[in-house]
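Only one structure is covered here, and it is reproduced in the block below.
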Amino acid sequence: MLPKKVLISCPTNSRKEYCLQDFLTNIRQFSYPEKYFFFCDNSHDPLFHVKEILLKGFECGYISPHGKPNNVYICESYNAIRDYFLKGDFDYLMALEIDEFPEKDIIQEMLMYDY
């Protein structure tokens, strides 16, 4: 049986820049072979995701937060992530928060409970 394809994702924002690089380093080290990444940035600076995420080799969409309450643009970010997942060839979506740093075998551990 082929390994399940797991999309790892979360909304991003320049407010969390203090932990972004550590987060990206952490998830790159996940030991699961069929992992893929997509993020959705909602920073006020529309170039933040280009400089800090896209140019570092990660897929990333953008949702403008201008003129919207926090809950609206965060919801739009999650909807963009969900749409990317549904249009892709993935089996699972792993939604993390950008300041979470799981162990490198977290995906295998979670998949053990798939019954």
Side-chain angles (χ1 to χ4, degrees):
M1 182 166 75
L2 294 173
K4 302 291 187 182
K5 294 180 181 177
V6 178
L7 179 66
I8 301 165
S9 188
C10 69
T12 62
N13 189 288
S14 58
R15 290 182 213 140
K16 296 282 185 147
E17 186 174 12
Y18 70 91
C19 63
L20 176 62
Q21 295 316 308
D22 290 337
F23 174 77
L24 296 176
T25 298
N26 179 257
I27 62 172
R28 269 196 178 125
Q29 294 173 359
F30 285 177
S31 57
Y32 190 74
E34 289 293 325
K35 62 185 180 291
Y36 303 87
F37 306 103
F38 176 75
F39 305 103
C40 188
D41 189 58
N42 52 45
S43 301
H44 283 279
D45 177 2
L47 295 179
F48 176 78
H49 77 288
V50 174
K51 298 180 287 185
E52 299 300 330
I53 300 171
L54 287 172
L55 291 176
K56 296 187 176 162
F58 293 92
E59 293 287 322
C60 188
Y62 178 74
I63 296 293
S64 174
H66 297 286
K68 302 172 189 170
N70 290 356
N71 64 323
V72 170
Y73 66 78
I74 292 170
C75 182
E76 289 176 356
S77 296
Y78 275 113
N79 284 339
I81 289 167
R82 186 202 59 196
D83 290 345
Y84 185 91
F85 171 78
L86 292 173
K87 289 177 185 171
D89 182 31
F90 306 106
D91 298 297
Y92 294 103
L93 172 61
M94 182 179 186
L96 292 173
E97 289 296 324
I98 202 165
D99 52 4
E100 293 179 331
F101 300 92
E103 297 293 322
K104 67 183 192 175
D105 66 344
I106 185 65
I107 297 172
Q108 293 94 316
E109 187 174 330
M110 291 175 73
L111 288 174
M112 287 186 337
Y113 296 99
D114 182 22
Y115 44 91

Query raised in the report: Within a reach of under 6.0 Å around NZ of Lys104, are more than 12 heavy atoms found that belong to other residues, nucleotides or ligands?
Result: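 Atom NZ in Lys104 is not crowded, with 12 or fewer foreign heavy atoms closer than 6.0 Å.
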Query raised in the report: Hey, are the side chains of Asp45 and Ser14 touching, using non-hydrogen atoms and a 4.5 Å cut-off?
Result: no
Query - Flag side-chain contact, heavy atom, 4.5 Å: Asp91 against Glu34 - result: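 Contact flag for Asp91/Glu34 side chains = no.
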**Report entry** Candidate pair Phe48 and Glu17, rule side-chain contact (heavy atoms from CB on, under 4.5 Å), full reasoning
**Finding:** CA-CA 9 Å; Phe48 176 78; Glu17 186 174 12; 3.7 Å; yes
Report summary line: CD (Gln29) and CZ (Phe101) are apart, to the nearest 0.5 Å, by 11.0 Å
Query raised in the report: How many angstroms lie between CG in Leu20 and NZ in Lys56, if you round to the nearest 0.5 Å?
Result: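 These two atoms lie 7.0 Å from each other.
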Just say parallel, tilted or perpendicular for the rings of [X] and [Y], cut-offs at 30° and 60°.
X     : Y     : result
His49 : Tyr62 : parallel
Phe38 : Tyr84 : parallel
Phe85 : Phe90 : parallel

Counting N and O atoms only, with roles assigned by atom type, does the side chain of [X] sit under 3.5 Å from a partner on the main chain of [Y], one being a donor and the other an acceptor?
X     : Y     : value
His66 : His44 : yes
Lys51 : Leu47 : no
Asn13 : Asn42 : yes
Tyr32 : Lys4  : yes

Query raised in the report: Which heavy-atom pair separates Ile81 from Cys10 by the least distance, and what is that distance?
Result: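 Here Ile81 and Cys10 meet closest at CD1-C, 3.5 Å.
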